[in-house]
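In what follows, a single structure is set out as structure tokens and then discussed.
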Amino acid sequence: MFKKLLVTSLLALTASLANAEQVTVFAAASMTNALQQVADDYKKKAPADEIVFSFASSSTLANQIAEGAPANIFISANTKWMDYLKEKGLTVADSDKILVGNELVMIANQDSKIDQVDVAKGEWIKQLDNNFLSVGDPDHVPAGQYMKAATTKLGFWDKIESKLARGKDVRAALALVERNEAPLGVVYGTDAKQSKKVKIIGVFPADSYPKVEYPVALLKDHDSKAAKAFFDYLQSDDAKKVFTQYGFSVAK
């Protein structure tokens, strides 16, 4: 009887593994922690499927997809890079949706004597006399592009352009401030809230930069059944609760 049960269990496990699918998600670096939590929760519901992430700047990921990287789902930190793939016909038609939103903040190391600044007044620029502002590279990183838009509208861009420490993505910008290698940095609110080594000292006025939106889409010819299932789960109430816990805004 025991042997029969063991054989039955092994056959069931073999069948499950045979049906297992890998879903590869290319996602903006700022979503790292939240998406890993969402995937862990999802695995409890669909243990046969494996969710694999590649986190980087949205521009880097979009270009990799354009060059043939076999991703199933793309999540960008702005609409620009999603539109780039849509125009190339690389997304499943009409699958793109706004998944979450974010805000732009200024940070300092947790041990810094700087506690609060009025970002709009620009007095914080004095802190850059012999130092640099840590940011995602405005030439291609969405967080840096939002920062450039904000400081341009506030009239500070010309004063700080030569004072930027340009990170490959927003998490690289966060890391410099965590290590106290830059006195100030500009990241998303969610990045700052996930780090115990930095503190938010100011919030950029919401009307000083374009709305931060993260679109998600299925990628053409890679929209497998497993990919569609996880894509739907990303928009579920359970996933929204996780995104909210990590500081993202979600549509109700």
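Any value given below was found using the heavy atoms of this structure, including those in side chains, with hydrogens, waters and symmetry copies removed.
- M82 is not connected to F243 by any chain of hydrophobic side-chain contacts under 4.5 Å among Ile, Leu, Val, Met, Phe, Trp and Tyr, and they are in different clusters.
- Heavy atoms only, all atoms of each residue included: L104 and A143 are closest at CD1-O, 4.0 Å.
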Derivation of the salt bridge (charged side-chain N to carboxylate O under 4.0 Å, His left out) call for D238 and K45: CA-CA 11 Å; D238 287 342; K45 301 176 181 293; 3.5 Å; yes
Derivation of the salt bridge (charged side-chain N to carboxylate O under 4.0 Å, His left out) call for K121 and E123: CA-CA 6 Å; K121 288 184 177 180; E123 294 180 359; 5.7 Å; no
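- The hydrophobic clustering, which links ILVMFWY residues whose side-chain heavy atoms are closer than 4.5 Å, places I200 and I114 together.
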Steps toward side chain to side chain donor-acceptor pair (under 3.5 Å) verdict (S30, D191): CA-CA 6 Å; S30 51; D191 296 302; 4.8 Å; no
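- Residues F204 and L154 share a closest heavy-atom pair of CD2-CD1, 4.4 Å.
- Considering D96, T91, I65 as possible partners of F74, the one that fulfils the side chain to side chain contact (heavy atoms under 4.5 Å, CB included) test is I65.
- The neighbour count for N130 CG, taken as heavy atoms of other residues, nucleotides or ligands under 6.0 Å away, does not exceed 12.
- F55 is linked by a ring-ring contact (aromatic ring centres under 6.0 Å, His included) to F53, counting only residues two or more places apart in sequence or in another chain.
- Nearest heavy atom pair, residue H222 against residue A227, reads O-CB, 3.8 Å.
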Full working for salt bridge (charged side-chain N to carboxylate O under 4.0 Å, His left out) between D115 and K199: CA-CA 8 Å; D115 287 323; K199 56 186 176 183; 3.0 Å; yes
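- Results of the side chain to side chain contact (heavy atoms under 4.5 Å, CB included) test with F248 over V100, V242, L99 single out V100 as the only residue that passes.
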Step-by-step side-chain contact (heavy atoms from CB on, under 4.5 Å) determination, F230 to D49: CA-CA 9 Å; F230 186 61; D49 296 332; over 6 Å; no
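- Looking at D129 and K163, no side-chain N of the basic residue comes within less than 4.0 Å of a carboxylate O on the acidic one, giving no salt bridge.
- Under a cut-off of 6.0 angstrom, the local environment of NZ in K168 is sparse, with at most 12 non-hydrogen atoms contributed by other residues, nucleotides or ligands.
- There is a path of hydrophobic side-chain contacts, each under 4.5 Å, that joins I160 to I107.
- V23 and F26 fall into different hydrophobic clusters, where Ile, Leu, Val, Met, Phe, Trp and Tyr side chains are chained together by heavy-atom contacts under 4.5 Å.
- In this view, Y233 and Y42 satisfy the ring-ring contact (aromatic ring centres under 6.0 Å, His included) rule, not counting sequence neighbours.
- Grouping the Ile, Leu, Val, Met, Phe, Trp and Tyr side chains by contacts below 4.5 angstrom, directly or via other members, places F132 apart from V187.
- Applying the side-chain contact (heavy atoms from CB on, under 4.5 Å) test to N33 and every residue at least two apart in sequence or in another chain returns R171, Q194, Y246.
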